[in-house]
Visitor: 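Dropping the structure in here first, questions after.
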Amino acid sequence: MQTAADAADAAALLAAVPAGRRVALVDPRFVGHVHALRLGLTDPRFPAATVPGALTAQPEARGALLRALHRTTAAVGAGAPVVEPDADPAPEDRTVPGRIAVALEAEGTPVQRPALGSLVAAVPTDPAQQAAAEAGLASVDDEAVRLRNAVKAHDGFFTTYCISPYSRYIARWCARRGLTPNQVTTASLITALIAAGAAATGTRGGYIAAGILLLVSFVLDCADGQLARYSLQYSTMGAWLDATFDRAKEYAYYAGLAIGAVRGGSDDVWALALGAMVLQACRHVVDFSFNEANHDAVANTSPTAALSDKLDSVGWTVWARRMIVLPIGERWAMIAVLTALTTPRIVFYALLVGCSLAACYTTAGRLLRSLTRRADRTDRAARALADLADSGPLAQAVAKVAPGLPGTFTAPAVALLGTLVMIGGALFLPYGSLLTLAAAAVYVLLSGLAVARPLKGPLDWLVPPFFRAAEYVTILVLAARSDVPHAVPAAFGLVSAVAYHHYDTVYRIRGGTGAPPQWLVRTIGGHEGRTALVAVLAAVLTHTSGFTTALTALAVAVALVVLVESIRFWVSSSAPAVHDEGELA
């Protein structure tokens, strides 16, 4: 910490700091809570941030900061405003750091202004202001505010009332001992994997232990995010771990239950386990696609959305609607209790019924919003939907030569038709029949036609979910109908690897870095290529153990390629420096 005599001295001191370090300017008259300064000066997610009386800049904004400092000094010396009054984003902040922040924004550098709520951050200029600031400082416990703000503002009922009241204290305990969110996230994953191992024993004691450990894992899962918010430890690695480990934990637990069912009572529930995974993954892609299609839409209004906002103003309806969608807290609590008290088959029946009802509720609401909303989708939204579609070389080749089909609802209608043809062929045609290959060829053709035009229609966000359902359900059905030992567990592994690729795509898009590279999509075939390949394998290796071997080899190949590229990206400098807040569902 160094004290500058004037603006020129401050510029010289800033220029002397090594280029790779963050810098901060704080008015020496600053009065405020420590946590207000922490929020303004230590959050790693933003290139520049400010609170009244303090300003910080990351290395990438250092040059802009020096220019803004000189510009502000010149404007103040000439008695001129830093920017025009009607363009001032913070007219109430007349401090020197505040004026420099305005100059930074005028130059094009975004400046984060965290909401302080009851926290005090001020630069008093007279005794009355000094007394008011000191009174506000004494009346608010900033540690209590910090602890309260560590909890997500919007969460499920079970998480809010049964987990967060004590998990926040676990997060603070971890922070005071120097533990990082990534370490807590890893502990949550290890605990869940141990829970899956306990479930795989197939004994009642194992099931009880599995249920308890699954809840412990969920507590740690909540604590890692709370620790990140409490200590402002956001990182690219944390974003990747938080985005993927929840799915890895849940699907590993499904596999543990399926193994336990076979070992404990010779009950084969692998098809139910894979069905639960497919349903949950399809629910998520509906959420992701809808949000990407509409979050930056122009004139984004809807009577259905207005009704939803009105319902949210009534307290009990908020919790009822959050519980209906069976968010992760309620879902894991249900899984844990049913594991301890019943059988894996009942667990999966409950999951399939509950998630099906939740999917119907959420998808119906999104359909109504889309049909009643008058909005123009952007090119960015169309690009995101095309990336989420995961079209491979076969569909892309069809899209290049086929004319775009006219019509507002053509794309989702064609995608739905292709999905029904593919799933219907897998379900109802004789197993191993060449007609199944014909159905796969029709699916490839229709999947290419569906993406031949930019996906800007009101229901075009349904295209990626239809493709996910076609691929995942086809793999499930063909494996289940093969009557080959271990084919369904192999299919479980394949869908897990492909689902990881799709989740990885989602979180790259959310971070603003775009989808995975095209070479990766081409290498693993795209959704239509993998679906057609599994259909070919089922026809060529009908009722032979070679089908299981082929599915296993395909799963391993996809997993290796996807994981290597994903890890390379998320540990690289191009990964988005964000912390994922997680999904309610």
Visitor: Do the side chain of His543 and the main chain of Asp483 share a donor and acceptor less than 3.5 angstrom apart?
Guide: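 No.
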Visitor: Specify the closest pair of heavy atoms between Thr180 and Gln233, including all atoms of both residues, with the distance to one decimal.
Guide: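 Shortest heavy-atom contact: CG2-OE1, 3.8 Å.
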Visitor: For Leu227 and Cys174, which heavy atoms make the closest approach, and how far apart are they?
Guide: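 The pair with the smallest heavy-atom distance is CD2-CB, 4.0 Å.
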Visitor: Any side-chain heavy-atom pair from Leu449 and Leu446 closer than 4.5 angstrom?
Guide: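 Answer yes - side chains close enough.
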Visitor: Can you confirm whether Arg331 sits close enough to Gln280 that some side-chain heavy atom of one is under 4.5 Å from a side-chain heavy atom of the other?
Guide: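 When only atoms from C-beta onward are counted, Gln280 and Arg331 do touch, with a gap below 4.5 Å.
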Visitor: Mind checking whether Asp387 and Ile509 have side chains closer than 4.5 Å, heavy atoms only?
Guide: yes
Visitor: Looking at OG of Ser447 and CG of Leu394, how far apart are the two atoms once the value is rounded to the nearest 0.5 Å?
Guide: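 One finds 8.0 Å between OG of Ser447 and CG of Leu394.
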Visitor: Assess Arg508 against Phe569: is NZ or CZ under 6.0 Å from the centre of the six-membered ring, and within 45 degrees of the ring's axis?
Guide: yes
Visitor: Can you give me the closest heavy-atom contact between Gly206 and Thr201, atom names plus distance?
Guide: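 In terms of heavy atoms, the two residues are closest at CA-OG1, 3.5 Å.
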Visitor: Measure the spacing between CG of Asn291 and CH2 of Trp461 and express it to the nearest 0.5 Å.
Guide: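 Answer rounded to 0.5 Å: 10.0 Å.
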Visitor: Please round to the nearest 0.5 Å and tell me the distance separating atom CG of Leu533 and atom CD1 of Ile475.
Guide: 9.5 Å
Visitor: Please report the interatomic distance OH(Tyr254) to OG(Ser496), rounded to the nearest 0.5 Å.
Guide: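 Between Tyr254 OH and Ser496 OG, I get 11.0 Å after rounding to 0.5 Å.
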Visitor: With heavy-atom distances below 4.5 Å as the criterion, would you say the side chains of Tyr500 and Arg247 are in contact?
Guide: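 When only atoms from C-beta onward are counted, Arg247 and Tyr500 do not touch, as no gap falls below 4.5 Å.
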Visitor: Decide whether a cation-pi geometry holds between Arg481 and Tyr431; the criteria are a distance under 6.0 Å from NZ or CZ to the six-membered ring centre and an angle within 45° of the ring axis.
Guide: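 Judged by the rule (NZ or CZ under 6.0 Å from the ring centre, within 45° of its axis), Arg481 is not positioned above Tyr431.
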Visitor: Decide whether Asp221 and Ser188 meet the rule of one side-chain donor and one side-chain acceptor closer than 3.5 Å.
Guide: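 Checked: Asp221/Ser188 side chains show no N/O donor-acceptor pair below 3.5 Å.
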Visitor: How many angstroms lie between atom CG of Leu214 and atom NZ of Lys249, to the nearest 0.5 angstrom?
Guide: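 Here the rounded value is 9.0 Å.
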Visitor: Flag the pair Tyr166 / Val219 as yes when at least one side-chain heavy-atom distance between them is below 4.5 Å, and no otherwise.
Guide: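 With C-beta onward as the side chain, the pair touches.
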Visitor: Only one of Asp504, Val561, Thr505 forms a side chain to side chain contact (heavy atoms under 4.5 Å, CB included) with Leu520, so which one is it?
Guide: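 Result for side chain to side chain contact (heavy atoms under 4.5 Å, CB included) with Leu520: Val561.
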Visitor: Would you please test Tyr503 and His284 for ring pair (Phe, Tyr, Trp, His ring centres under 6.0 Å) and show each step?
Guide: CA-CA 9 Å; Tyr503 281 110; His284 278 145; 5.7 Å; yes
Visitor: Output the distance between atom CZ (Phe290) and atom CG (Leu367), rounded to the nearest 0.5 Å.
Guide: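 The CG atom of Leu367 is 9.0 Å from CZ of Phe290, to the nearest 0.5 Å.
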Visitor: Does Asp390 pair with Arg530 as a salt bridge, N-O distance under 4.0 Å?
Guide: yes
Visitor: Might you work through the side-chain contact (heavy atoms from CB on, under 4.5 Å) test for Trp173 and Leu179, ending with a clear yes or no?
Guide: CA-CA 9 Å; Trp173 183 90; Leu179 298 176; 4.1 Å; yes
Visitor: Output, in order, the C-alpha distance, side-chain angles, deciding distance and verdict of side-chain contact (heavy atoms from CB on, under 4.5 Å) for Leu257 and Thr339.
Guide: CA-CA 8 Å; Leu257 282 175; Thr339 298; 3.9 Å; yes
Visitor: Identify the heavy atoms of Ala450 and Val414 that sit nearest to each other, and give their distance.
Guide: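 Smallest interatomic distance, heavy atoms only, reads N-CG1, 4.0 Å.
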Visitor: Over all heavy atoms of both residues, which pair between Leu215 and Ala336 is shortest? Give the atoms and the distance, please.
Guide: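 Of all heavy-atom pairs spanning Leu215 and Ala336, the closest is CG-CB, 3.7 Å.
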Visitor: Can you confirm whether Trp270 sits close enough to Phe348 that some side-chain heavy atom of one is under 4.5 Å from a side-chain heavy atom of the other?
Guide: no
Visitor: Looking at Thr544 and Leu541, would you say the former's side chain and the latter's main chain have a donor-acceptor pair under 3.5 Å?
Guide: yes
Visitor: Less than 3.5 Å apart, any donor N or O on the side chain of Tyr207 or Thr342 sitting next to an acceptor on the other?
Guide: no
Visitor: In the structure I gave you, are the side-chain heavy atoms of Phe288 and Arg510 within less than 4.5 Å of one another anywhere?
Guide: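 A side-chain contact under 4.5 Å exists here.
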Visitor: His527 pairs by ring pair (Phe, Tyr, Trp, His ring centres under 6.0 Å) with which of Tyr443, Phe466, Tyr472?
Guide: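 By the ring pair (Phe, Tyr, Trp, His ring centres under 6.0 Å) criterion, His527 pairs with just one of Tyr443, Phe466, Tyr472: Tyr443.
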Visitor: Is the closest side-chain donor-acceptor distance between Gln396 and Glu528 under 3.5 Å?
Guide: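 Result is no, nothing qualifies.
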Visitor: For Ser217 and Trp332, work out which heavy atoms get closest and say how close.
Guide: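 Answer, listing the atom of Ser217 first, then Trp332: OG-CZ3, 4.1 Å.
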Visitor: Heavy-atom distance under 4.5 Å between the side chains of Ser289 and Leu385, does that happen here?
Guide: yes
